[in-house]
Number of protein chains: 2
Amino acid sequence: MSKKTTIRDVAKYADVSPATVSYVLNGVKKVSEETKLRVLQAIGELNYYPDFTAISLSKRKSNLIGIVFSLIDNSFAEVMRENPYYNEMISGIEIVARKKNFDILITGIGNIEEYRSWVKKRNLDGLLFLGLFPPKLYNEMKKIDIPIVLIDTYEEYTNVYKNVNINDELGGYLATKHLVDLGHRNIAFVATNIKVSLVDERRFQGYKRALNEAKIPFNNNLFFETLLNFEGAITFESGYKIGEQILESRENITAIVTISDIYAIGIINALQKHGKRVPEDYSVVGFDDISMCNYILPSLTTVKQDIFNKGEEAAKMLIDAIEIPSSKPKSIELPVKLIVRDSTKPL
Amino acid sequence: MSKKTTIRDVAKYADVSPATVSYVLNGVKKVSEETKLRVLQAIGELNYYPDFTAISLSKRKSNLIGIVFSLIDNSFAEVMRENPYYNEMISGIEIVARKKNFDILITGIGNIEEYRSWVKKRNLDGLLFLGLFPPKLYNEMKKIDIPIVLIDTYEEYTNVYKNVNINDELGGYLATKHLVDLGHRNIAFVATNIKVSLVDERRFQGYKRALNEAKIPFNNNLFFETLLNFEGAITFESGYKIGEQILESRENITAIVTISDIYAIGIINALQKHGKRVPEDYSVVGFDDISMCNYILPSLTTVKQDIFNKGEEAAKMLIDAIEIPSSKPKSIELPVKLIVRDSTKPL
DNA sequence: CTGAAAGCGCTTACAG
DNA sequence: CTGAAAGCGCTTACAG
């Protein structure tokens with residue numbers, strides 16, 4: 001194996017100093033056209049690629065973005081495993097990161113100590129947080145002086161960090177309004193946990209607004225939560241269990257609003273396995289519009305959000321913040337849209 | 001913002017040289033118990049975290065593993081987007097990487113030039129390739145002197161690199177045998193492209209072996225391919241289209257073997273939308289056993305592979321190779337298992 | 001057992 | 001417009 005080509009080799013070859021090579025590489029200072037050409041040619045002939053590690057060390061900038069997942073069982077396994085949601089998001093992030101010459105590092109964070117050491121060790125330029133984290137972590141974040149963009153989080157943190165969200169309240173409203181318009185009155189709402197997930201809380205507000213407008217009183221027996229703490233993932237399995245609870249309910253439920261397509265699919269499966277039909281017996285609305293929605297029977301009515309674009313926007317925001325460090329906290333709110341398919345029908 | 005704590009600060013605080021701090025950090029050479037204690041304490045009190053960038057530069061080792069996806073449209077978007085397969089795999093990789101103090105960098109590779117510069121720039125310690133790449137890339141790989149583990153690839157490359165696979169031939173055999181045992185004779189086989197994907201080719205061999213054993217002649221009209229080149233992703237959509245082709249077939253097909261659950265689900269959807277029933281009119285077998293298989297109706301009979309474990313094994317193999325560079329090319333073949341659910345029935 | 005010094009491959013005031 | 005030199009934060013022969 002040959003020795004690595006360094007800036008010094010290029011300098012020697014082009015008969016200039018390493019500093020000059022660095023100048024042309026960085027487009028800094030005025031280097032004469034003639035010299036620049038010689039250097040560029042040397043770079044080409046020697047097949048030279050600058051070493052990012054060295055650049056990071058001397059520039060104090062790594063061109064590395066960390067994507068942080070909340071953890072379960074010491075791996076982001078559970079969170080990502082079933083839900084194509086995260087695939088899409090990461091895809092969006094990656095595409096803009098690469099365009100801007102950043103690489104992405106993915107990790108799950110199990111505890112604060114792990115987080116702290118990880119960020120410090122790697123000299124990350126910026127961080128993207130996906131989803132919900134324990135409050136302690138947000139405090140820890142403040143101590144670390146790099147740009148952070150939060151995705152799918154609300155409330156107190158919003159005022160401190162940048163973030164990108166969708167109009168969750170409207171999403172909950174549209175889903176519910178759709179069912180109300182179809183004549184449904186006993187509409188269940190299925191969330192993870194609205195105390196813990198402010199995203200779900202907003203959607204729940206939208207649900208209540210739609211009921212309110214239709215003069216339908218809120219009935220707490222129609223409200224279902226799947227999780228008790230931060231450690232829950234959205235899985236088909238927990239959707240399925242909620243489906244069974246709905247079957248046991250005495251509230252004469254005819255329609256169901258959920259905060260995730262995964263839940264909706266799990267619920268529908270439970271209903272169908274117990275001999276109920278969708279949408280004849282129950283109308284069901286999902287949330288997200290993952291591609292699968294089109295390929296189950298019945299196809300799933302859902303609130304669409306552009307997850308890929310969410311990833312893109314978050315990455316752009318972060319990279320902007322990295323490049324112009326003065327930028328202030330701000331929020332982007334992306335639109336949502338109701339997609340009507342075959343899992344809902346008039347009562 | 002306070003200045004970063006360096007090894008020098010620690011050294012000063014503990015009243016030793018930076019070299020000594022480095023020794024205790026690396027557990028190298030014998031440092032006296034007493035000195036070591038002082039250093040450790042200084043590290044704790046100053047809240048010191050070694051800078052990986054600096055370590056990388058001086059050790060010539062980044063503790064970074066690259067996960068490389070094959071690309072479409074300049075992002076790994078399409079490949080990953082619909083298929084939870086990759087989630088699981090990455091989860092498995094991440095969990096062992098983190099345990100061993102490696103971080104993972106994710107990228108898609110659009111062209112060779114991009115690949116080359118990416119690997120060189122980042123001083124990656126090792127590479128994991130997911131899926132299929134153009135032959136040119138394999139040649140390029142050889143030139144770069146770092147450990148590589150290929151996942152889901154076969155043939156000439158196998159002899160050069162390490163890789164982890166499953167017993168694909170057996171998978172194809174088990175799926176087909178199951179249908180044969182149920183009395184089916186006209187069994188379709190759906191692949192991406194067996195010229196391009198040796199994985200699919202092996203499964204196809206298994207399919208033919210099962211037919212052979214049952215004295216059923218191979219009928220080329222029962223063989224369906226979805227892709228024409230390297231650029232295809234496995235999507236519900238292409239499964240759906242194959243489903244429509246199957247409906248149009250005059251071969252009196254009663255059963256279908258596929259190389260992916262995603263295809264199977266797309267196919268079933270097409271069949272159902274056109275008024276056919278599964279398994280009454282068609283028995284369908286998937287491949288992979290993604291979690292969704294349990295939550296569609298009918299639940300999907302499939303060939304299970306442990307994707308998570310595949311990721312773990314690949315990461316272990318790679319890290320071993322990084323730590324003991326002498327290790328030779330080798331292969332791991334993971335088992336497969338038929339999971340019978342409701343999408344298949346006796347003819 | 002411990003430390004001074006050179007080096008990893010780049011960047012960047014500073015001087016000319 | 002160009003270069004010598006110091007520095008980024010570590011590691012590692014080498015010497016003692």
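Lettering of chains follows the sequences in order, A, B, ..., and the numbering in each one begins at 1. Quantities reported herein were computed from a predicted structural model and do not represent experimental measurements.
- With a 3.5 Å limit on both pairing distances and Watson-Crick or G-U wobble geometry required, the stems of 3 or more pairs in DNA chain C span C:1-3 with D:14-16, C:5-12 with D:5-12, C:14-16 with D:1-3.
- Counting any heavy atom pair closer than 4.0 Å across all strands shown, A:Ser22 reaches a base atom.
- Separating the CZ atom of B:Arg60 from the P atom of D:dC10 is a distance of 16 Å, rounded to the nearest angstrom.
- Look at CG on B:Asn26: it is 6 Å from P on D:dT12, rounded to the nearest Å.
- A donor-acceptor pair under 3.5 Å is formed between the side chain of B:Asp9 and the backbone N or O of B:Thr6.
- Along DNA chain C, the nucleotide nearest B:Asp15 and the nucleotide nearest B:Lys59 are compared for position; the residue whose nucleotide lies closer to the 5' end is B:Asp15.
- Contacts between residues 34-56 of chain B and DNA chain C, defined by a heavy-atom separation under 4.0 Å, are made by B:Thr35.
- Of the candidates D:dG9, C:dC10, C:dG3, C:dC10 carries the atom nearest the A:Thr6 side chain, counting heavy atoms from C-beta on.
- Across the protein-nucleic acid pair, B:Asn63 atom CG and D:dT11 atom C1' stand 14 Å apart, rounded to whole Å.
- For B:Asp103 and B:Asn63, the side-chain atoms include no donor-acceptor pair closer than 3.5 Å.
- If you measure from atom CG of A:Asn123 to atom P of C:dC10, you get 18 Å, rounded to the nearest angstrom.
- In this structure, the CD1 atom of B:Ile7 is 14 Å from the C1' atom of C:dA4, given to the nearest Å.
- Salt-bridge formation is detected for the pair A:Glu34/A:Arg38: a Lys NZ or Arg NE/NH1/NH2 atom is positioned less than 4.0 Å from an Asp or Glu carboxylate oxygen.
- Taking the six-membered ring where the residue is Trp, the centroids of B:Tyr86 and A:Tyr86 are separated by 6.0 Å or more.
- For the residue pair B:Tyr48/B:Lys4, the side-chain donor-acceptor check at 3.5 Å is not satisfied.
- If you check every strand for non-hydrogen atoms under 4.0 Å, B:Val21 touches nothing.
- With a 4.5 Å cut-off on side-chain heavy atoms, B:Asp51 and A:Lys121 do not count as touching.
- There is no side-chain donor-acceptor pair under 3.5 Å between A:Asn87 and B:Tyr85.
- Taking atom CG of residue A:Leu57 and atom P of nucleotide D:dG7, one finds them 14 Å apart after rounding to whole Å.
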query: Should B:Tyr115 and B:Lys120 be marked as a side-chain hydrogen bond (donor to acceptor under 3.5 Å, both in side chains) after you check the CA-CA gap, both sets of side-chain angles, and the distance that decides it?
result: CA-CA 9 Å; B:Tyr115 166 71; B:Lys120 288 209 177 193; over 6 Å; no
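- Taking atom NZ of A:Lys61 as the reference point, atom P of C:dT12 lies 11 Å away to the nearest angstrom.
- B:Thr53 and B:Ser56 share no side-chain donor-acceptor pair at under 3.5 Å.
- The nearest heavy atom of DNA chain D to A:Thr20 and to A:Ser58 marks one nucleotide each, and the one closer to the 5' end goes with A:Thr20.
- A salt bridge links B:Lys36 with B:Glu33: the distance from a Lys NZ or Arg NE/NH1/NH2 to an Asp or Glu carboxylate oxygen falls below 4.0 Å.
- Atom CZ of A:Arg122 and atom C1' of D:dC10 are 14 Å apart (whole Å).
- Distance check on atom C1': C:dT12 versus C:dG16 gives 16 Å, rounded to whole Å.
- Each of C:dT12, D:dG9, D:dT12 was ranked by its minimum atom distance to the side chain of B:Arg8; first place goes to D:dG9.
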